[in-house]
Number of protein chains: 2
Amino acid sequence: MVKSTTNEHGEDLLQLDTQICFALHATSRSFGGVYRQVLRDTGLTYPQYLAMMALWEHGEMPVKRLGELLRLDTGTLSPLLKRLDTAGLVKRDRSPHDERSVIVGLTAAGRELRAQAEQIPLKILAATGLEPEELIQLRTTLNRLTDALDSAAESLQD
Amino acid sequence: MVKSTTNEHGEDLLQLDTQICFALHATSRSFGGVYRQVLRDTGLTYPQYLAMMALWEHGEMPVKRLGELLRLDTGTLSPLLKRLDTAGLVKRDRSPHDERSVIVGLTAAGRELRAQAEQIPLKILAATGLEPEELIQLRTTLNRLTDALDSAAESLQD
DNA sequence: TGCAATCGAGTTGTGCACAACTCTCTTCTG
DNA sequence: CAGAAGAGAGTTGTGCACAACTCGATTGCA
């Protein structure tokens, strides 16, 4: 049995689907543009900012754990952390307990940057122009969507 | 006057904001993962698929117009089209009316690929696991969000 | 205990996104 | 009509995302 691709509003879901995905792609890039502006004087990119956020909140942790929090693999994270290291914001040291593991921690400069970054979320919040209720619902929908997509991708592996 | 950063549900909006943006980022990448699976035997990446979609729907058009449809600048589009050209799916010719303009059109192979790509939207739709109503609302919210972010980014230029 | 399997980081290669630039062609204006 | 200004495409350089790989450390199990 094949589901109809047109709903009661007369919208073609096949078309709609591509628009959803395209809209998401566009929104993601627009967010990137706003963050680029807001982060300009910190010298951070958005993914670097996310990494710093995680370290500000949780303190030092292994690269592995940071990758889980940010959902990034080492191919992305290693060079990113190298750049943060070069910028003097983080330090990386082998764990004495497990020589495979590298512990990422903040330097003094990295901790100091936190004060400068404090107003960033408010600026971003203002830029969204959405009401809190809408943001909450959007987040809920996105999280469900991410879970569904991840498990779909997994079941498509074969 | 400073707005409260905590709403009536006791959620910290500063935290929420970062979660929204992070959630969006995560969803965008999860979509990427599903498309990677689904597009595997076409040999296309997701942005390449978007470009092909635009050409299947609208026929040949200048690079400029394609960039507007996909919201991509030439720095992204030129090499992407070069790869599609190398793959034999599109052709690029200078416009006879305006030597600055390049017209992108489909080759026979590019047109044939459409049949193979026909079931892709349905697969993606299934992978989202969302009801049509939710998709429609999500699209609406995302479009508003994108507009707000774009105009915010513009006003932050200076 | 010894060795195979696994794990954690890092590297390499490809492609996307974007800023800043060049080059050519067109258009506008004095 | 000439030269300046602008438009359209492409290039260069940086950084992110991800697959596939290497390498050394650890773990597990025969």
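For the numbers below, each heavy atom of this structure counts, side chains included, while hydrogens, waters and symmetry mates do not. Letters go in sequence order (proteins before strands), and every chain restarts at 1.
Rounded to whole Å, atom C1' of D/dA17 lies 13 Å from atom CG of A/Leu70. The NZ atom of B/Lys91 sits 15 Å away from the P atom of D/dA9 (whole-angstrom rounding). Atom CG of B/Leu77 is separated from atom C1' of C/dC18 by 13 Å (rounded to the nearest Å). Spacing between atom CD of B/Glu99 and atom C1' of C/dT27 amounts to 16 Å, rounded to whole angstrom units. The nearest whole Å value for the distance from the CD1 atom in A/Ile103 to the C1' atom in C/dG8 is 11 Å. Atom CZ in A/Phe22 sits about 14 Å away from atom C1' in C/dA17, given to the nearest Å. The distance between atom OH of A/Tyr35 and atom P of C/dA17, rounded to the nearest whole Å, is 20 Å. The OH-C1' distance, from B/Tyr46 to D/dC18, rounds to 17 Å in whole Å.
The B/Arg36 side chain lies nearest to D/dA19 when the options are C/dT26, D/dA19, C/dG10. Side-chain proximity of B/Thr45 to C/dA9, C/dG15, D/dA25: nearest is C/dG15. Closest to the side chain of B/Lys82, out of D/dT26, D/dT11, D/dC18, is D/dT11. Counting only heavy atoms from C-beta on, A/Arg100 has its side chain closest to C/dT6 among C/dT6, C/dT11, C/dA17. Taking the side chain of A/Arg29 as heavy atoms from C-beta on, and the options D/dA9, C/dA17, D/dA17, the nearest nucleotide is C/dA17.
Contact check, B/Arg92 against D/dG10: a side-chain N or O comes under 4.0 Å of OP1 or OP2. Side-chain nitrogen and oxygen atoms of A/His25 include at least one within less than 4.0 Å of the OP1 or OP2 phosphate oxygen of C/dA17.
If B/Asp98 and A/Pro47 are placed on DNA chain D by their nearest nucleotide, the residue sitting closer to the 5' end is B/Asp98. Heavy-atom distances to DNA chain D give each of B/Lys64 and A/His97 a nearest nucleotide, and the one nearer the 5′ end belongs to B/Lys64.
Note on A/Ser101: only backbone sugar-phosphate atoms sit closer than 4.0 angstrom, heavy atoms only; bases stay farther off.
The backbone N or O of B/Ala152 sits nowhere less than 3.5 Å from a side-chain atom of A/Gln37 that would complete a donor-acceptor pair. A distance-only check finds a donor-acceptor pair linking the side chain of B/Thr128 to the backbone of B/Leu125 [under 3.5 Å]. Checking side-chain atoms of A/Arg94 against main-chain N and O of A/Arg100 turns up a donor-acceptor pair under 3.5 Å.
A salt bridge between B/Lys64 and B/Asp98 is absent, with no side-chain N of the basic residue lying under 4.0 Å from a carboxylate O of the acidic one.
Counting atom types as modelled, A/Thr74 pairs a side-chain N or O with a base atom of C/dG10 as donor and acceptor under 3.5 Å.
Using cut-offs of 30° and 60° for the angle between ring planes, the B/Tyr46 and B/Tyr35 rings count as tilted.
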